[in-house]
Amino acid sequence: MGEVRKREIFEVLKRMPAYFKLIYGLYRDKDVPPRAKLLLALALTYNISPVDLIPDIIPLAGQFDNVHFTLKLLRRSLKACPEEVLKRHLENTNLCLDYLERDILISGQLMKGFGRAALNVSRKTAGYILAIPFKMGKAIFRLGKMIK
């Protein structure tokens, strides 16, 4: 699919309220198995928890890890639901499994992009940090030569 475009990101974000409506509806439905409800509760808890894989203070990456994690847990819970329950709730929210799969793919690609960017930044930062003691040692050595 290549690089994720802004339009695709906004489409995912526009569908998030419908996904949360789907999660809420499934959680309240007595026909949804307990295992699926547990996954839904985990998705909601992850969104409101201050503890994240990527902290929310990091722009975009902090929010999109929540989106990606929520959608993946939603997909797993839907697989545990009976077919008629699944159809009923998807129709009520105007969603389909194709949207969910596409949105998981887009959010995953975005997370990989954030990961590559973070890795590049950390490599450069590590290079600078490792160079400081070397440069300081070199300067001290030169200073020692001058003093003699």
Side-chain angles (χ1 to χ4, degrees), residues 1-140:
M1 186 172 178
E3 187 178 309
V4 177
R5 292 182 290 276
K6 287 180 186 177
R7 182 179 48 77
E8 293 171 324
I9 295 168
F10 288 123
E11 287 176 15
V12 173
L13 294 176
K14 281 194 280 188
R15 277 192 284 276
M16 286 311 293
Y19 286 127
F20 281 110
K21 182 180 175 185
L22 177 60
I23 290 170
Y24 180 74
L26 288 167
Y27 191 79
R28 294 197 46 170
D29 192 327
K30 63 179 176 43
D31 297 327
V32 173
R35 179 180 179 275
K37 287 186 179 188
L38 179 65
L39 293 169
L40 296 169
L42 184 58
L44 290 175
T45 303
Y46 187 79
N47 276 282
I48 61 173
S49 171
V51 179
D52 281 341
L53 293 174
I54 301 174
D56 288 340
I57 60 169
I58 299 172
L60 291 176
Q63 288 73 35
F64 257 90
D65 81 312
N66 290 11
V67 169
H68 188 66
F69 193 71
T70 299
L71 295 178
K72 288 193 86 151
L73 285 172
L74 177 58
R75 177 176 61 188
R76 288 188 69 188
S77 67
L78 290 175
K79 287 180 181 179
C81 289
E83 188 68 30
E84 63 277 357
V85 171
L86 176 63
K87 283 182 182 179
R88 183 175 69 234
H89 284 282
L90 287 173
E91 286 174 8
N92 287 342
T93 56
N94 293 322
L95 291 171
C96 66
L97 292 177
D98 290 338
Y99 284 161
L100 180 61
E101 291 300 327
R102 185 171 178 271
D103 292 347
I104 289 171
L105 179 67
I106 291 168
S107 61
Q109 287 177 337
L110 194 60
M111 293 307 299
K112 285 179 187 174
F114 287 137
R116 281 192 296 274
L119 184 61
N120 289 337
V121 169
S122 64
R123 277 189 203 144
K124 288 179 183 178
T125 305
Y128 292 129
I129 290 171
L130 293 174
I132 291 171
F134 176 75
K135 289 181 180 182
M136 286 180 68
K138 199 173 177 182
I140 291 169

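Here the structure is a predicted model, which means the values were calculated and not measured.
Taking each heavy atom of His89 and Leu26 in turn, the nearest pair found is CD2-CD2, 3.5 Å. When all heavy atoms of Ser107 and Ile104 are compared, the pair lying nearest together is OG-O, 3.1 Å.
Residues Thr70 and Tyr19 are not in side-chain contact: their nearest non-hydrogen atoms beyond the backbone lie 4.5 Å or more apart. For the pair Leu71 and Met16, the minimum side-chain heavy-atom distance is below 4.5 Å. At least one side-chain heavy atom of Arg76 sits less than 4.5 Å from a side-chain heavy atom of Arg35. Between Leu40 and Leu44, the closest side-chain pair of non-hydrogen atoms is not below 4.5 Å. Looking at heavy atoms from C-beta onward, Leu97 lies in side-chain contact with Leu90 at the 4.5 angstrom threshold. Side-chain contact check for Asp65 versus Tyr46: some heavy-atom pair is nearer than 4.5 Å. Taking 4.5 Å as the limit, every side-chain heavy atom of Ser77 sits out of range of all side-chain heavy atoms of Pro33.
Side-chain atoms of Glu8 come within 3.5 Å of backbone atoms of Arg5 as a donor-acceptor pair (strictly under, hydrogens ignored). Asn47 places a side-chain N or O within 3.5 Å of a backbone atom of Ala43 that can act as its donor or acceptor partner. Judged by distance alone, the side chain of Lys37 and the main-chain N or O of Tyr27 form a donor-acceptor pair under 3.5 Å.
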One pair to check against side chain to side chain contact (heavy atoms under 4.5 Å, CB included): Val67 and Leu110. What are the steps and the verdict? CA-CA 11 Å; Val67 169; Leu110 194 60; over 6 Å; no
What's the verdict on side chain to side chain contact (heavy atoms under 4.5 Å, CB included) for Leu22 and Asn92, showing C-alpha distance, side-chain angles and the deciding distance? CA-CA 8 Å; Leu22 177 60; Asn92 287 342; over 6 Å; no
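The CD atom of Glu91 sits 9.5 Å away from the CG atom of Leu86 when rounded to the nearest 0.5 Å. Between the CG atom in Leu74 and the CZ atom in Phe69 there is a gap of 12.5 Å [rounded to 0.5 Å]. Atom SG of Cys96 is separated from atom CD of Glu101 by 10.0 Å, given to the nearest 0.5 angstrom. In this structure, the separation between CG on Leu38 and OG1 on Thr45 is 9.0 Å, given to the nearest 0.5 Å. With rounding to the nearest 0.5 angstrom, the CD atom of Gln109 is 10.0 Å from the CD1 atom of Ile9. Here the CZ atom belonging to Arg15 is positioned 4.0 Å from the CG atom belonging to Asp103, to the nearest 0.5 angstrom.
The pair Arg88-Glu84 does not count as a salt bridge, with every side-chain nitrogen at least 4.0 angstrom from each carboxylate oxygen.
Sparse packing is recorded around NZ of Lys72, with 12 or fewer heavy atoms of other residues, nucleotides or ligands lying under 6.0 Å away. Enclosure of atom CZ in Arg75 by more than 12 non-hydrogen atoms of other residues, nucleotides or ligands within 6.0 angstrom is indicated.
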